[in-house]
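Structure, as structure tokens:
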Number of protein chains: 4
Amino acid sequence: MPSSTSAKRGRPRDAATHQSILDAANQILSDAGYRGFSIEGVAAKAGVSKTSIYRRWPSKGALLLDLYMAGMDGAALADLQHLPIRDAFQRYLSLSVKRLENPFWTNTIQSLVAEAQADPEMADLFRAKVIVPRRESGRILLQRGIDEGQIDSSIDIDIVLDAVFGALWYRLLLGHMPIDQRFANALTDQVFAWIELEQ
Amino acid sequence: MPSSTSAKRGRPRDAATHQSILDAANQILSDAGYRGFSIEGVAAKAGVSKTSIYRRWPSKGALLLDLYMAGMDGAALADLQHLPIRDAFQRYLSLSVKRLENPFWTNTIQSLVAEAQADPEMADLFRAKVIVPRRESGRILLQRGIDEGQIDSSIDIDIVLDAVFGALWYRLLLGHMPIDQRFANALTDQVFAWIELEQ
Amino acid sequence: MPSSTSAKRGRPRDAATHQSILDAANQILSDAGYRGFSIEGVAAKAGVSKTSIYRRWPSKGALLLDLYMAGMDGAALADLQHLPIRDAFQRYLSLSVKRLENPFWTNTIQSLVAEAQADPEMADLFRAKVIVPRRESGRILLQRGIDEGQIDSSIDIDIVLDAVFGALWYRLLLGHMPIDQRFANALTDQVFAWIELEQ
Amino acid sequence: MPSSTSAKRGRPRDAATHQSILDAANQILSDAGYRGFSIEGVAAKAGVSKTSIYRRWPSKGALLLDLYMAGMDGAALADLQHLPIRDAFQRYLSLSVKRLENPFWTNTIQSLVAEAQADPEMADLFRAKVIVPRRESGRILLQRGIDEGQIDSSIDIDIVLDAVFGALWYRLLLGHMPIDQRFANALTDQVFAWIELEQ
DNA sequence: CCGTAAACGAGACGGTACGTCCTGTCTTCTA
DNA sequence: TAGAAGACAGGACGTACCGTCTCGTTTACGG
């Protein structure tokens, strides 16, 4: 009985090819940043044909996004929902700061943003896969804090999310001040001085 | 009597050429965004040789920056320093929102950021000419508010600046939510609920 | 069975592309001469990308050379070796004169020489592909004439070749006098008055 | 009586400027050949403005031609007319060979020819100033030889001139064989074996 | 001895072409 | 069918010169 008609036919995609593309992209991004990042360069470094890249990702941005997703540890973020609010908050910023010590991450994120400025489809994708989920996690967390009486119920949740994530992206993209643990702590302290209810 | 060093020699730059480059760039940026913005295109539309552009601006980013500066109304911003703090704040956000209703401004700023991601020299320039001055104005304003007893002296000024400007840039670059007068008001209200001292 | 080393891999070059480049180059050269001959122009007229030209020919000169070779009829020249010496000689000059009535040929050859003056690599190529082979044919012919007792054995073959070919190139490149059948006949008559043995 | 109405008015041309242009051009030509020869480069090396060059010479070719003329020793050539024919002939070739040992001369002449291939006006000028006068000298010489009964009166003078000068230019422009004293002697010997009357 | 016209350096200007790089698509052969 | 190789049209890059122009500054002559 032939199960799914649209079943796999012909030669299956090679997982090693897939991985060596991601590896090469990762390395180029780490070493040379967005500037030196091209599909052509990735293909060459991976020992892979351009076709094999375009078969998998429709654009440079899509590859960058996968690269970003592949490196994220979803589990770590999921955990946050089960921590006390202030701890979750602190933890999120600390993890972000830690990740951004690796040039791969700064370069990848900057590349994603650069790409999104030029390509509306990419911008949509980026928002849907990266920005919105993060905000939703944040929103759920804040709402829980309000429900549990730890957070001032009069806050404008969207504005708070904009202020917190905004501060982080702002430093990341414009680079006027460093992103380090001091920053993470100061931001946490300031925000909680504002939104936490006195007990 | 201060004699001009390195006096003018040779044929002076043509102001009309200069302007028609800026005009053409402005229009292309307004119509086609970063995607359609190329030195070649600007030269063609301006009826000017590429040389005449490269003579004035070493890179696409430098041109974009001048385009941005030429369009900014410094006077409007200078006024802010003489307004009551909350009004200055409100006014700054309103003006920003208004400006960003014009696609030229969103496209220009997005282009500048995109360019800065790829070119460190451009990033430096952008910070020096755009980011830092704006922050310094904000810092002076906040400090005055503290000195005059209107603003809570325990705030971390840098973090407040990051939160406010960050929120604005965040929406501008990632586009997850609109930038409108509602946003300007909500952000003002929220921030002043936090930092304003009760009288 | 001799397996082909470095076998054909990837998409093969398109013969139509190749031909349309040669055609466009031919036409531009015929119409506008060396002056109006540019890679950019050829690409445009051929409806081909510049890359496709540079992939095949490393320089303008190399393209010109192929253009020249493609138009030469090797067979006609090969025949000369089987004719009586005076006839071969006469025939060669007549064919040359005839060819040079077509502006394509004068323009191509003048272009090749112009290019060779500026580019030593091109000069080498030109000598190897055009000058030397022609001289060798001439040398063989003269030697046969000597061996068969028709030509004075005391001549300096290189000098004779320089004088004959030189006269032709001299008129072609400097243009002080026309290249026509009268010239072909006069040159033949004069040279044979000198080198032919009286029977 | 006011002599020439179009008399000298305004600042006269600076002879030093003139000379430093020729010097710079000479040196660039000697060092870098036609390839590296540009009006811009000459102006820079001479410490002179491009205007000062274009004021004097309408084109690159015209400058090259003047450069050539300035370096020629007319006197030496004039003398030839008073020598016995064979000596004049020999002397002319020897002088040519000697001159061409200096890369300046080969480069200049090759440049002139290259320029003439691309620019018909230049070709006319070159013929009028260089080619024709040389041929006329040769023609007068040959005619004298015939009149004095030293040279075979049945020769076709134009063809002889083409053969002799042609051989020289041929080697110069195509470079398939060296131009040296051996060549000068062999060419003289061969030609006189042909055209000299036995006494 | 003074005004003026031309020469001069500097360099801007509109052009044309260069040769290179990359994009995203395509075509072919091999596995 | 996937995959490697690489051709292809197209677009832009930044550079080099071209020949012309416009400046401000000399400099010799002729009135």
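First the proteins, then the strands, lettered A, B, ... as listed; each starts at 1.
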Response to the item:
Here the distance between atom C1' of E/dT23 and atom CZ of B/Arg35, to the nearest Å, is 10 Å
Worksheet item: Hey, can you pull the residues of residues 114-124 of chain D with a non-hydrogen atom under 4.0 angstrom from DNA chain F?
Response: none
Discussion item. Which residues pass the side-chain hydrogen bond (donor to acceptor under 3.5 Å, both in side chains) test with B/Thr106, not counting sequence neighbours?
Written reply: none
Item to complete: Figure out the CD/C1' separation between C/Glu40 and F/dT15, and round it to whole Å.
Response: 13 Å
Worksheet, complete the sentence: Here the pair of heavy atoms bringing A/Gly61 nearest to A/Leu112 is O-CD2, 3.9 Å
Worksheet, complete the sentence: Residue pairs meeting ring-ring contact (aromatic ring centres under 6.0 Å, His included), one or both in residues 9-45 of chain C, sequence neighbours left out, come to C/His18-C/Trp57
Practice prompt. Please state how far atom CZ in C/Arg13 lies from atom C1' in F/dG6, giving the value in whole angstrom units.
Written response: 9 Å
Item to complete: With sequence neighbours excluded, tell me which residues meet side-chain hydrogen bond (donor to acceptor under 3.5 Å, both in side chains) with B/Asn26.
Response: B/Ser30
Worksheet item: Does any pair with a residue in residues 20-42 of chain B pass salt bridge (charged side-chain N to carboxylate O under 4.0 Å, His left out), and if so which ones, sequence neighbours excluded?
Response: B/Glu40-B/Lys50
Worksheet item: Which residues pass the side-chain hydrogen bond (donor to acceptor under 3.5 Å, both in side chains) test with C/Thr51, sequence neighbours left out?
Response: none
Item to complete: Please state how far atom NE2 in A/His18 lies from atom P in F/dG3, giving the value in whole angstrom units.
Response: 10 Å
Worksheet item: Side chains of C/Arg55 and C/Arg13: does their closest heavy-atom pair fall under 4.5 Å?
Response: yes
Discussion item. Heavy-atom count check: over 12 atoms from other residues, nucleotides or ligands less than 6.0 Å from C/Lys45 NZ?
Written reply: yes
Worksheet item: Can you list the residues that meet the side-chain hydrogen bond (donor to acceptor under 3.5 Å, both in side chains) rule with D/Asp124, with sequence neighbours excluded?
Response: D/Arg127
Worksheet item: To the nearest angstrom, how far is A/Ile39 atom CD1 from F/dA4 atom C1'?
Response: 16 Å
Worksheet item: Taking only residues two or more places apart in sequence or in another chain, which ones pass ring pair (Phe, Tyr, Trp, His ring centres under 6.0 Å) with D/Phe104?
Response: none
Worksheet item: How do B/Phe37 and C/Thr17 order along DNA chain F: which one's closest nucleotide is nearer the 5' end?
Response: C/Thr17
Practice prompt. With sequence neighbours left out, write down each residue that passes side chain to side chain contact (heavy atoms under 4.5 Å, CB included) with B/Ser20, or none if nothing qualifies.
Written response: B/Ala46, B/Val48
Item to complete: Could you list by number each residue of residues 44-63 of chain D showing a heavy-atom separation from DNA chain F of less than 4.0 Å, or answer none if no residue does?
Response: D/Lys50, D/Thr51, D/Tyr54, D/Lys60
Worksheet, complete the sentence: In 5'-to-3' order, the base (B), backbone-only (S) or no-contact (-) status of each nucleotide in nucleotides 24-29 of chain F, using a 4.0 angstrom heavy-atom cut-off, is --BBS-
